[in-house]
Amino acid sequence: MASTLVDGGVPHSRHNAKLAKRTSTWKPGIFPFLIPLVLLTLFSLWSYTPSHSPLAWLITVCWALPVPGVLVSIQGFLLIRRRLRKAHLMIPPAPVDQDFLIVLVPTIGRHDTYPALERSVLSYVEHLPEWFPYMRVDVLTEEGCEAAERIDALAATSPLIRVVTVPKAYQTANGTRFKARANNYAHELRIDEGEALDYVWVLHMDDDTGVGPDTAASLSQFINRQRRATPEEVKHMAQGILTYPRENAVSMLTWFADAIRPADDIARFRAFTGLGTPAAGVHGELLVIRASIEAEIGWDFGPKEIVEDARLALTFCRLYPGRSDWFNGRCYGASPVNTKDFIKQRERWAWGLVALCFNRKVPLRYRWFLTICVTSWILGPLQHVGTIVFVAWFIGDMNTSPVTQSVVILWSISFAYVIWAYWEGLRLNAIASMNGKRKWWEPMAVLVLLPYFSLIEGLGGIKGLWKFIRREENKFVVIAKPA
């Protein structure tokens, strides 16, 4: 096994010290959920008028559908608050001196994605060695990629970086394509090199997603905790938080819209992955898994798989129930450069997730919750009060009440959660930024833009669903990566 021992720590800049302090004192707020909940409930109960029209039944279904996911998400951020109250009882982070860390960074290797790749890889070299004296960064490329020379030059800047090239002729047994094919090549290479071991951890990262001092400390704390755990308590996989610093954003509009993603990590993903069974899926960055466990699962899911991370999670649920966890570390990515790319990104996710929801190779007990979440996402625009009012006006029936009054309470909970998610997600993204604060007008702007965000999220979902229905050939679309 190739390894590099790094003596001493890497001095942090003033910004890194401030960032570490901000992240260590953060905890999810509860009032941005409770205040809208009270106001929305009072308004909903006051305005309710019984109705049994077709519109009322449509409203009943659309407003009740998100409730399971919302309740799980509320549980998630309450679990974080409870854990943070006990943080002083936890053993502080310490260097990981008994385990080996491999950071795996797949990249399509285009010139327009290279600047983000360079930013991300350099962040691993800067922040991780202080806590992981034994580590390596594997940059996973395709043979003949256009930025190959630039990537080789980047690898030459540090002995920690290794370029792993997937041969064009490489094929998996099941004909897997796209990113999963590359991941499978890397996993087979680790087996051949004798690295598919319990004490080897693979940290999966996207090529536009870097790390910071809090990432390394939290990850080391999680891995060291597994050394102390009993066989019944030990975990094999964990997920952290994906955030978007303001400096990495090209479009403020898409930066606002992506506030939902860190909120999802501290809510829905925290609840399921953090409680041991990642039935809500995982995302492909800041995902750490034992090399021995990844060797058991692999990535050879077949030629139609384009959401390989979610498929990995559901397979993990079946093979290793109760063995996943969540850790309070962040990675730092970049939102799409424009709304068109934003929709294209969501379209690919929806396309793959809808296919996964119908994949009978995955037992229904592991995909039912994901199916509810995906359906709720695609029908998101119909859950917004503005859309319902427009439909009511269009058909000439302005009674927008559901069939039963209890549904308006469920709608109030769901809408209050959406408000909280964008409010808290924006806060997380601001904390990850240089100045660490939201501008005074940004929270209000995000709330005003909620109907627009619902529209573009839903549009991406509907386009993905339509491609699945039409049985179009699967494509793994990689959007441009901001530097």
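Nothing fancy with the numbering, it's 1 onward along the sequence. Please read all numbers here as calculations on a predicted model, not as lab measurements.
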Asks: Ignoring hydrogens, what is the shortest heavy-atom contact between N183 and E308? Give both atom names and the distance.
Replies: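 So the minimum-distance heavy-atom pair works out to ND2-CG, 4.3 Å.
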Asks: Any side-chain donor paired with an acceptor under 3.5 Å for D97 and Y134?
Replies: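 Distance-only check fails for D97 and Y134.
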Asks: Charged N to carboxylate O below 4.0 Å: is that the case for D341 and R348?
Replies: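 Not counted as a salt bridge, because no side-chain N and carboxylate O are separated by less than 4.0 Å.
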Asks: Report yes or no: does N248 contribute a side-chain atom to a donor-acceptor pair with the main-chain N or O of G333 at less than 3.5 Å?
Replies: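 Side chain of N248 to backbone of G333, a donor-acceptor pair under 3.5 Å: yes, one is there.
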Asks: Taking the side chain as every heavy atom from C-beta outward, state whether K179 and D206 have any atom pair closer than 4.5 Å.
Replies: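 They are in contact (side-chain heavy atoms under 4.5 Å apart), so the answer is yes.
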Asks: Under 4.0 Å between a Lys/Arg side-chain N and an Asp/Glu carboxylate O for R311 and E305?
Replies: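 Salt bridge present between R311 and E305.
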Asks: Distance from I462 atom CD1 to E347 atom CD, nearest 0.5 Å?
Replies: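 Going from the CD1 atom of I462 to the CD atom of E347 covers 11.5 Å.
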Asks: Kindly give the heavy-atom pair with the smallest separation between P93 and S220, and that separation in Å.
Replies: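 Heavy atoms only, the tightest pair is CB-OG, 3.9 Å.
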Asks: Under a 4.0 Å N-O cut-off, is there an ion pair linking R162 with E193?
Replies: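 Answer for the salt bridge query: yes.
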Asks: With ring centroids as reference points, do F77 and W420 lie under 6.0 angstrom apart?
Replies: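 When the ring centroids of F77 and W420 are compared, they turn out to be within the sub-6.0 Å range.
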Asks: Angle between ring planes, F222 versus W201, binned at 30° and 60°: parallel, tilted or perpendicular?
Replies: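 Rings of F222 and W201: perpendicular, as their planes differ by over 60°.
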Asks: Is the F100-F132 ring centre distance short of 6.0 angstrom?
Replies: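 Judged by ring-centre distance (under 6.0 Å), F100 and F132 do not meet the cut-off.
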Asks: So, does T41 use its side chain to make a donor-acceptor pair with the main chain of V38 at under 3.5 Å?
Replies: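 Looks like no, no N/O pair under 3.5 Å.
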Asks: Does a salt bridge link D138 with R190, judged by any charged N lying under 4.0 Å from a carboxylate O?
Replies: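 Result for this pair is no, no salt bridge flagged.
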Asks: Report yes or no: does D208 contribute a side-chain atom to a donor-acceptor pair with the main-chain N or O of L117 at less than 3.5 Å?
Replies: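 No, the answer is negative, given that no donor and acceptor are paired below the 3.5 Å cut-off.
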Asks: Kindly say whether R270 contributes a backbone atom to a donor-acceptor pair with the side chain of T273 at under 3.5 angstrom?
Replies: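 Not at all, since once roles are kept as given, no pair shorter than 3.5 Å links the two residues.
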Asks: Would you find a donor on one side and an acceptor on the other, under 3.5 Å apart, between the side chain of T172 and the backbone of R181?
Replies: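 Checking the backbone N and O of R181 against the side chain of T172, no donor-acceptor pair under 3.5 Å is found.
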Asks: In terms of side-chain geometry, is the basic nitrogen of R83 or D325 positioned less than 4.0 Å from the acidic oxygen of its partner?
Replies: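 Between D325 and R83 there is a salt bridge, with a charged N closer than 4.0 Å to a carboxylate O.
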Asks: Determine yes or no for a side-chain-to-main-chain donor-acceptor pair under 3.5 angstrom, with D300 supplying the side chain and N174 the backbone.
Replies: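 Yes: the side chain of D300 pairs with the backbone of N174.
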Asks: Compile the donor-acceptor pairs under 3.5 Å between side chains in residues 234-244 and protein atoms, sequence neighbours left out, one pair per line.
Replies:
residue: K235; atom: NZ; partner: G322; partner atom: O; Å: 2.9
residue: H236; atom: ND1; partner: R290; partner atom: NE; Å: 3.0
residue: Q239; atom: OE1; partner: H283; partner atom: N; Å: 3.1
residue: Q239; atom: NE2; partner: H283; partner atom: O; Å: 3.4
residue: Q239; atom: NE2; partner: H283; partner atom: ND1; Å: 3.0
residue: Q239; atom: NE2; partner: E285; partner atom: O; Å: 2.8
residue: Q239; atom: NE2; partner: L286; partner atom: O; Å: 3.1
residue: T243; atom: OG1; partner: C331; partner atom: O; Å: 2.9
residue: Y244; atom: OH; partner: R261; partner atom: NH1; Å: 2.5

Asks: Less than 4.0 Å between a side-chain N and a carboxylate O, is that true for R346 and E457?
Replies: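 Salt bridge present between E457 and R346.
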Asks: If you look only at pairs with a residue in residues 422-432, which of them pass as a salt bridge (Lys or Arg N to Asp or Glu O under 4.0 Å), with sequence neighbours excluded?
Replies: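 Output for this query lists E424-R427.
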Asks: Would you say S218 and N328 are linked by a side-chain donor-acceptor pair, where the criterion is simply a distance under 3.5 Å?
Replies: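 Result is no, nothing qualifies.
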Asks: Nearest 0.5 Å, please: how far is CZ in F256 from CZ in F453?
Replies: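 The CZ atom of F256 is 7.0 Å from CZ of F453, to the nearest 0.5 Å.
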Asks: Side chains of W299 and T176: does their closest heavy-atom pair fall under 4.5 Å?
Replies: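 Heavy-atom side-chain distance check fails, nothing below 4.5 Å.
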Asks: Quick one: are the ring centres of Y417 and F33 less than 6.0 Å apart?
Replies: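 No: the rings miss the under 6.0 Å criterion.
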